[in-house]
Amino acid sequence: QVQLVESGGGLVQPGGSLRLSCVASLDIDRITYMGWYRQAPGKQRELVAASTQSGITRYADSVKGRFTISRDIANNTLYLQMSDLKPEDTAVYYCNELRKINSDYEPLGSWGQGTRVTVSS
């Protein structure tokens, strides 16, 4: 069972940038699909970015062009680089292993504590 620890969140002004980190307890190169989710108060948890072993990345329309997901295999770390942040990006962000069901991704592992991102002036 993989353990994932998120970090890097904080308070940032609109237009600012943050890089979130997710450190895994095993070799992430053996994890086929990984992704970042977020959940804002009163909203459902949503997948914002996904990464595959083959190098394919996918993004939610709301973050496309602003967020970048990447893997640091040597350090077993999944990153989410966020730029041009907006108040609508305020949420708790979680990483997780994913499974692919047809063309959709679903979370596979347990949820960690996440890391909070607050975008406000």
Side-chain angles (χ1 to χ4, degrees):
Q1 179 75 14
V2 62
Q3 292 180 311
L4 303 169
V5 180
E6 303 96 339
S7 64
L11 175 64
V12 63
Q13 294 184 333
S17 300
L18 283 174
R19 188 175 76 167
L20 307 183
S21 299
C22 172
V23 179
S25 62
L26 50 72
D27 186 359
I28 65 171
D29 192 41
R30 301 185 66 84
I31 304 176
T32 306
Y33 308 105
M34 297 187 73
W36 284 94
Y37 289 79
R38 69 183 181 187
Q39 186 169 28
K43 295 184 177 180
Q44 293 184 307
R45 182 183 282 111
E46 63 172 337
L47 179 66
V48 297
S51 170
T52 74
Q53 287 178 316
S54 62
I56 298 174
T57 58
R58 299 186 65 183
Y59 300 92
D61 289 340
S62 59
V63 307
K64 192 172 299 182
R66 299 188 297 117
F67 290 13
T68 302
I69 187 172
S70 62
R71 300 188 187 201
D72 183 343
I73 296 175
N75 293 300
N76 294 324
T77 303
L78 181 74
Y79 294 107
L80 184 67
Q81 178 66 51
M82 306 181 294
S83 62
D84 192 24
L85 285 162
K86 303 176 180 181
E88 306 91 88
D89 297 318
T90 296
V92 177
Y93 285 72
Y94 305 86
C95 62
N96 211 330
E97 181 181 1
L98 309 176
R99 71 176 80 192
K100 191 173 184 181
I101 306 297
N102 294 324
S103 61
D104 297 324
Y105 296 104
E106 296 183 352
L108 179 62
S110 300
W111 296 109
Q113 297 186 56
T115 185
R116 184 177 64 188
V117 173
T118 302
V119 184
S120 176
S121 60

Checklist entry - Is the side chain of Tyr59 donor-acceptor paired with the backbone N or O of Ile69 at a distance under 3.5 Å, no angle test? => result yes
Checklist entry - Measuring from Met34:CE to Gln53:CD, what's the distance to the nearest 0.5 Å? => result 10.5 Å
Checklist entry - Would the number of heavy atoms belonging to other residues, nucleotides or ligands and lying under 6.0 Å from CD of Gln3 be above 12? => result no
Checklist entry - Nearest heavy-atom pair of Ser17 and Gln81: which atoms, and what distance? => result CB-NE2, 4.1 Å
Checklist entry - Are Tyr94 and Leu26 joined in one hydrophobic group, where the rule is that I, L, V, M, F, W and Y side chains link up if heavy atoms are under 4.5 Å apart? => result no
Checklist entry - With hydrophobic residues grouped by side-chain heavy-atom distances under 4.5 Å, do Leu4 and Leu78 end up in a single group? => result yes
Checklist entry - Within a strict 4.5 Å, meaning less than it, do heavy atoms of the Leu98 and Tyr37 side chains meet? => result yes
Item to check | Nearest-0.5 Å distance that lies between atom CG in Asn96 and atom OG in Ser110 | outcome: 7.5 Å
Item to check | Hydrophobic cluster membership, Val48 vs Val119, 4.5 Å side-chain cutoff | outcome: yes
Checklist entry - Is the shortest distance from a Lys or Arg side-chain nitrogen in Asp61 or Lys64 to a carboxylate oxygen in the other one below 4.0 Å? => result yes
Next on the checklist: As an exercise, state the distance from CZ of Arg19 to OG of Ser7, rounded to the nearest 0.5 Å.
Outcome noted: 9.5 Å
Item to check | Closest heavy-atom pair and its distance - Ala24, Val2 | outcome: CB-CG2, 4.1 Å
Next on the checklist: Tell me whether the count of non-hydrogen atoms from other residues, nucleotides or ligands lying under 6.0 Å of CZ in Arg58 goes above 12.
Outcome noted: no
Next on the checklist: Between Ile73 and Asp27, does the side chain to side chain contact (heavy atoms under 4.5 Å, CB included) criterion hold? Intermediate values first, please.
Outcome noted: CA-CA 7 Å; Ile73 296 175; Asp27 186 359; 3.9 Å; yes
Next on the checklist: Would you compute the distance between atom OG1 of Thr68 and atom CE of Met82 and round it to the nearest 0.5 angstrom?
Outcome noted: 11.0 Å
Checklist entry - Quick check: are there more than 12 heavy atoms from other residues, nucleotides or ligands sitting under 6.0 Å from CD of Glu46? => result yes
Item to check | Leu80 with Leu85, same ILVMFWY side-chain cluster at under 4.5 Å | outcome: yes
Checklist entry - When you measure from the centre of the six-membered ring of Tyr33, is the NZ or CZ of Arg99 under 6.0 Å away and within 45° of the axis? => result no
Checklist entry - Are Leu18 and Trp36 connected in a single hydrophobic cluster, I mean Ile/Leu/Val/Met/Phe/Trp/Tyr linked by side-chain heavy atoms less than 4.5 Å apart? => result yes
Checklist entry - For the residue pair Ser121 and Pro14, what are the closest heavy atoms and their distance? => result N-CD, 3.7 Å
Next on the checklist: Testing the basics here: between Tyr79 and Asp72, what is the closest heavy-atom pair and its distance to 0.1 Å?
Outcome noted: CE1-CB, 3.6 Å
Item to check | Minimum heavy-atom distance between Ser21 and Thr77, given as atom pair plus value | outcome: CB-CG2, 4.2 Å
Item to check | Under 3.5 Å: donor-acceptor pair, side chain of Asn76, backbone of Val23 | outcome: no
Checklist entry - In Å and rounded to the nearest 0.5 Å, what is the CD to OG1 distance from Glu6 to Thr115? => result 7.5 Å
Checklist entry - Any idea how Phe67 and Tyr93 line up, ring-wise: parallel (<30°), tilted (30 to 60°), or perpendicular (>60°)? => result tilted
Checklist entry - Taking all atoms of both residues into account, what is the closest heavy-atom pair of Ile28 and Arg71, and its distance? => result O-NH1, 3.0 Å
Checklist entry - Just checking, is any N or O donor in the side chain of Ser120 or Thr118 under 3.5 Å from an acceptor N or O on the other one? => result no
Next on the checklist: Any heavy-atom pair between the side chains of Arg38 and Val92 that's under 4.5 Å?
Outcome noted: no
Item to check | Salt bridge Asp89-Arg66, side-chain N to carboxylate O under 4.0 Å | outcome: yes
